[in-house]
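For reference, positions follow the sequence shown, starting with 1. Here the structure is a predicted model, which means the values were calculated and not measured.
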Amino acid sequence: MRNHMPKTFTLLASSALLVAAASSAQADRSEWPDNFTVGTASQGGTYFVYGSGWANFIADELGVSGGGEVTGGPTQNLALVHTGDMAFGLTTMGPAADAIKGESPLAPGMKMDNVCAMFPMYETPFSITALSDSGIESISDIPDGARIGFGPAASTSDTYFPAILETLGVNFDRRNGGWSDLGGQLQDGLLDVVAFAAGIPIPAVSQLEVQTDVNIIEFTEEEMQTVLDNFPVAEFMIPASTYTTLEEDARAVSMWNFAIAGCDLPEDFIYEVTKATMENNDRMRSVHRSAETTIPENIKHNTVLPFHPGAARWYEENGYEIAEDMIH
């Protein structure tokens, strides 16, 4: 049936609808913040690059002023978001678990219950390296009193890897330092093992491989299950292609990094932030290549923080289930 509605009326009706839509969008933004800040970490690290790039992307996408800010990293970011000093932050699941329980070293006894998860970032694998001539080929081979390097003091590795190895029955002499320095100490015989928690390939391990023979030690299935049962980590396989030493994939564990938001931020705002991030992975990978795992399938790796209702709404609308008790 032909539409005999006058063309002028049709145009007026269309214009009215557009105005109504624009007014609705404006109304939805009435409680949005005028600007936002993302807590990252020190300059030069993945957190700073990822967080600052993501902040610029969201600012452009949503038309809200925002940027990344240098912080002390995951533990401090949780505190800054909880108190409302920053809208967003980046953190790992370990510090998040401590913060929720009121065991953050920055604020002992304060349960940080105003911190909500938004989306998964990438994972930080935990891996162990020894020299081949040490005879250490498994975790159970590590001798009592072994000198083990755990990375910079108070780093994710230094915070969790000692406890992981203690749980697996390893007794050791704890050492700290930068990864390159610890790699050099291992090569010089000043350390027996280096326990890394860092993105792979780890430059210090790749350098060691060029200069000497090393063993990259994997977890047994039983050891991995023990660690999974006791720590906020996920299963991980180090691809054989990562190092020339590996002939096949090596079993390990990893700790996921998630972006966090203040739970009291407007639901519509966080919905739009989550939507923009999850629906533009190409743009995210241009921010940092680790964002290839910044995809909704990986929300399952958050077993610690409640999801912000705005984020949860986007996931559920797009077919990803979240348990009711995991939504703030």
Side-chain angles (χ1 to χ4, degrees), residues 46 50 92-94 120-142 146 148-151 155-158 160-165 167-170 179-180 182-183 186-187 191-258 281 284-285 288-303:
T46 302
Y50 187 113
T92 44
M93 291 292 93
M121 295 164 54
Y122 56 87
E123 50 194 323
T124 298
F126 287 68
S127 59
I128 301 170
T129 302
L131 298 185
S132 294
D133 62 13
S134 69
I136 300 173
E137 298 180 352
S138 66
I139 292 174
S140 60
D141 286 338
I142 299 175
I148 301 182
F150 288 103
S155 64
T156 297
S157 181
D158 186 49
Y160 295 97
F161 227 149
I164 286 172
L165 292 182
T167 300
L168 296 176
V170 179
W179 294 126
S180 295
L182 294 176
L186 182 67
Q187 187 176 3
L191 292 175
D192 300 295
V193 170
V194 178
F196 294 93
I200 55 174
I202 300 165
V205 176
S206 298
Q207 184 66 28
L208 278 169
E209 285 190 303
V210 173
Q211 299 170 336
T212 187
D213 294 330
V214 299
N215 291 336
I216 295 169
I217 298 163
E218 69 173 346
F219 292 79
T220 65
E221 288 188 9
E222 184 179 355
E223 288 166 344
M224 184 176 70
Q225 191 57 53
T226 297
V227 176
L228 292 172
D229 290 343
N230 287 278
F231 297 92
V233 294
E235 294 182 30
F236 188 82
M237 295 297 285
I238 300 172
S241 59
T242 307
Y243 300 111
T244 58
T245 297
L246 290 177
E247 296 180 355
E248 56 186 29
D249 297 350
R251 195 180 297 105
V253 295
S254 66
M255 189 172 285
W256 272 87
N257 300 274
F258 268 71
N281 190 251
M284 289 299 297
R285 280 185 283 138
H288 196 282
R289 65 178 185 175
S290 65
E292 65 184 3
T293 55
T294 300
I295 56 176
E297 288 80 0
N298 288 326
I299 60 172
K300 64 185 179 184
H301 298 298
N302 169 34
T303 58

Between [Y] and [X], do the side chains contain a donor N or O and an acceptor N or O under 3.5 Å apart?
| X | Y | result |
| --- | --- | --- |
| Tyr50 | Thr294 | yes |
| Thr212 | Gln187 | no |
| Asp141 | Ser138 | yes |

May I ask you to test the [X]-[Y] pair for a side-chain heavy-atom distance under 4.5 Å?
| X | Y | value |
| --- | --- | --- |
| Phe196 | Leu182 | no |
| Val170 | Ile164 | no |
| Phe231 | Val253 | no |
| Glu235 | Leu228 | yes |
| Val193 | Leu186 | no |

In Å, rounded to the nearest 0.5 Å, how long is the span from [atom1] of [X] to [atom2] of [Y]?
| X | Y | atom1 | atom2 | value |
| --- | --- | --- | --- | --- |
| Thr226 | Leu168 | OG1 | CG | 6.0 Å |
| Glu218 | Leu246 | CD | CG | 8.5 Å |
| Ser157 | Met255 | OG | CE | 10.0 Å |
| Leu165 | Ile142 | CG | CD1 | 5.5 Å |
| Thr242 | Glu209 | OG1 | CD | 9.5 Å |
| Met224 | Met237 | CE | CE | 8.0 Å |

Under the ring pair (Phe, Tyr, Trp, His ring centres under 6.0 Å) test, residues paired with Phe150 that sit two or more places apart =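 By the ring pair (Phe, Tyr, Trp, His ring centres under 6.0 Å) rule, Phe150 matches Phe172.
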
Could you please spell out the steps behind the side chain to side chain contact (heavy atoms under 4.5 Å, CB included) verdict for Tyr160 and Thr92?
-> CA-CA 11 Å; Tyr160 295 97; Thr92 44; 5.5 Å; no

Apply side-chain contact (heavy atoms from CB on, under 4.5 Å) to Arg285 and list each qualifying residue two or more places apart in sequence or on a separate chain.
->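 Applying side-chain contact (heavy atoms from CB on, under 4.5 Å) to Arg285 gives Asn281, Asp282, Ala291, Glu292.
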
Give a yes or no answer on whether the side chain of [X] reaches the backbone of [Y] with a donor-acceptor pair at less than 3.5 Å.
| X | Y | result |
| --- | --- | --- |
| Ser134 | Ala130 | no |
| Glu223 | Ile139 | no |
| Asn302 | Phe258 | no |

Show your reasoning for whether side chain to side chain contact (heavy atoms under 4.5 Å, CB included) applies to Ile216 and Val205.
-> CA-CA 9 Å; Ile216 295 169; Val205 176; 4.2 Å; yes

Could you check Ile217 against Thr129 for side chain to side chain contact (heavy atoms under 4.5 Å, CB included), going step by step and ending with a plain yes or no?
-> CA-CA 6 Å; Ile217 298 163; Thr129 302; over 6 Å; no

Does Glu297 CD have over 12 foreign heavy atoms under 6.0 Å away?
-> yes

Within 6.0 Å of CG in Asp229, more than 12 heavy atoms from elsewhere |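 Correct, the count exceeds 12.
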
Can you list the residues that meet the side-chain hydrogen bond (donor to acceptor under 3.5 Å, both in side chains) rule with Ser290, with sequence neighbours excluded?
->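 Only His288 meet the side-chain hydrogen bond (donor to acceptor under 3.5 Å, both in side chains) criterion with Ser290.
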
With sequence neighbours excluded, what pairs up with Asp158 under the side-chain hydrogen bond (donor to acceptor under 3.5 Å, both in side chains) test?
->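 Listed in chain order: Arg174, Asn176.
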
In a table with atom names and distances, give each donor-acceptor pair under 3.5 Å that connects a side chain of residues 120-127 to protein atoms at least two apart or in another chain.
{"unit_1": "Glu123", "atom_1": "OE1", "unit_2": "Ser254", "atom_2": "OG", "d": "2.4"}
{"unit_1": "Glu123", "atom_1": "OE1", "unit_2": "Trp256", "atom_2": "NE1", "d": "3.4"}
{"unit_1": "Thr124", "atom_1": "OG1", "unit_2": "Asn257", "atom_2": "ND2", "d": "3.2"}

Under the side chain to side chain contact (heavy atoms under 4.5 Å, CB included) rule, what do Val194 and Ile148 come out as? Steps first, then yes or no, please.
-> CA-CA 5 Å; Val194 178; Ile148 301 182; over 6 Å; no

Name the one of Val214, Leu208, Ile202 that satisfies side-chain contact (heavy atoms from CB on, under 4.5 Å) with Tyr243?
-> Ile202

Using salt bridge (charged side-chain N to carboxylate O under 4.0 Å, His left out) as the criterion, list what pairs up with Glu221, not counting sequence neighbours.
-> Arg251

Give the C-alpha distance, both sets of side-chain angles, the deciding distance and a yes or no for side chain to side chain donor-acceptor pair (under 3.5 Å) between Thr293 and Asn298.
-> CA-CA 7 Å; Thr293 55; Asn298 288 326; 4.8 Å; no

